[in-house]
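Report on the structure given below.
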Amino acid sequence: MKKADHAPAAPRPSLASRNAIRQVAVLGLGTMGHGIAQSFALAGFQVTGFDEVRAARSSLQRRVRGNLEDLADAGLLKRALIEPVLARIHVADSEAGALREAQFVTEAVREDLAVKQALFARIEALVPPSAIIASNSSTFMISQSAAKMQHPERAIVTHWFNPPHIVPVVEVVPGPRTNAATTRATLALVRRLGKEAILLRREIPGFLVNRIQAALMREVWDLLDQGVASAEDLDAAVRGALGFRLAALGQLEVGDFGGLDVHGAVFRNLAPLIKSDAKLPAAVAKLIAAGHLGIKTERGFYTYTARSAAAKRARRDRIFLALLKLLYAPLSPSPWRRRS
Ligand SMILES: NC(=O)c1ccc[n+]([C@@H]2O[C@H](COP(=O)([O-])OP(=O)(O)OC[C@H]3O[C@@H](n4cnc5c(N)ncnc54)[C@H](O)[C@@H]3O)[C@@H](O)[C@H]2O)c1
């Protein structure tokens with residue numbers, strides 16, 4: 001019998017469910033992508049990565065091995081698990097090769113909306129129809145990145161934090177066209193990684209963390225610009241007072257401990273005085289214009305040599321791992337579930 005011209009489309013296979021996902025693809029293997037690939041492999045997934053730059057592909061195993069050795073040194077990973085984890089990480093030499101069998105894809109390519117939109121449209125054509133497609137964008141909502149997709153219901157943001165193989169939280173941000181099955185499966189997946197999934201009820205630019213960070217950035221940069229304190233003292237104040245507390249408590253909990261009457265007065269008295277415009281503070285604008293972009297150019301707010309930068313990064317990671325150990329139960333191979 002001839003098929004009717006307007007027969008309803010065949011039902012799409014159900015979205016990869018919680019336990020069905022085994023095969024993951026990561027596109028873009030830079031700062032974020034390599035650590036994201038590692039996190040999936042650590043939790044038992046088969047991961048295939050692709051990067052358009054050959055050096056990023058060929059160095060993937062070496063970079064992940066270094067991270068895994070740091071975890072083992074910190075007592076967060078059994079050394080015997082390093083080789084099995086690495087054996088689950090594969091590198092494809094084409095985008096299509098990485099995507100062919102993927103049930104969950106995350107992109108971590110550069111922050112350029114046109115690149116992300118074109119990539120999402122291509123991914124959709126290359127993955128199995130039930131695959132979920134996620135973006136690690138820091139600023140673009142999924143309604144923007146997935147604007148050119150045929151089936152945006154299976155697209156979602158999973159926003160990781162640097163270094164992604166260490167920081168325990170991942171923001172999960174569905175868009176208005178993401179369906180409930182995609183959100184459910186993504187939340188379950190992030191939790192299977194041992195990460196803390198933070199679900200936003202609606203999409204909003206910058207999600208939660210980057211908005212909060214931007215508020216802090218504005219004030220710290222303005223205080224530096226005004227010369228109220230040195231860069232060293234500003235950082236010491238943030239680290240030793242705010243950061244120290246915030247490692248144990250959320251900002252709202254800090255308010256409850258301090259007393260909302262007190263915090264309300266602090267807000268009323270100070271909010272009119274702190275910077276509230278959108279102009280980049282001059283001290284920062286000047287550094288950027290001069291090409292002083294931080295560790296990667298060996299000069300930002302501080303100056304570095306290759307050696308001092310490596311030492312500072314190593315110190316940062318040692319402290320992060322110690323915190324992880326302190327605050328999150330060591331449930332190897334996914335050690336970072338929050339202690340209740
Ligand atoms: N660095 C961070 O702190 C951070 C944190 C959270 C989210 N993000 C977001 O993650 C994404 C990646 O950031 P990053 O810091 O890892 O950048 P990065 O520059 O370190 O890495 C990006 C990688 O993507 C590759 N790439 C670019 N276009 C590609 C394409 N079309 N196909 C395949 N590979 C491609 C590049 O070669 C590079 O290796 C961005 O969207 C960024 O906003 C970054």
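For ligands, and for the atoms within them, numbers begin at 1 and follow the listed sequence. Just so you know, residue 1 is the first one in the sequence shown, and it goes up from there.
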Given the ring of Phe161, does Lys195 sit roughly above its face, with NZ or CZ under 6.0 Å from the centre of the six-membered ring and within 45° of the axis?
no
Ordered by chain then number, the protein residues lying under 4.0 Å from ligand 1 by heavy atom are Gly28, Gly30, Thr31, Met32, Asp51, Glu52, Val53, Ala108, Val109, Arg110, Glu111, Lys116, Asn136, Ser137, Ser138, His159, Trp160, Asn162
If the threshold is 4.0 Å, N to carboxylate O, is there a salt bridge linking Glu52 and Arg57?
no
Selection residues 218-230 - residue pairs positive for salt bridge (Lys or Arg N to Asp or Glu O under 4.0 Å), sequence neighbours left out:
none
Taking His90 as the fixed residue, which of Gln23, Gln61, Gln46 is the one that meets the side-chain hydrogen bond (donor to acceptor under 3.5 Å, both in side chains) rule?
Gln46
Not counting sequence neighbours, list each pair that qualifies as a side-chain hydrogen bond (donor to acceptor under 3.5 Å, both in side chains) and has a residue in residues 279-300.
His292-Arg299
Apart from Leu113 itself, its cluster of hydrophobic side chains linked below 4.5 Å comprises Phe140
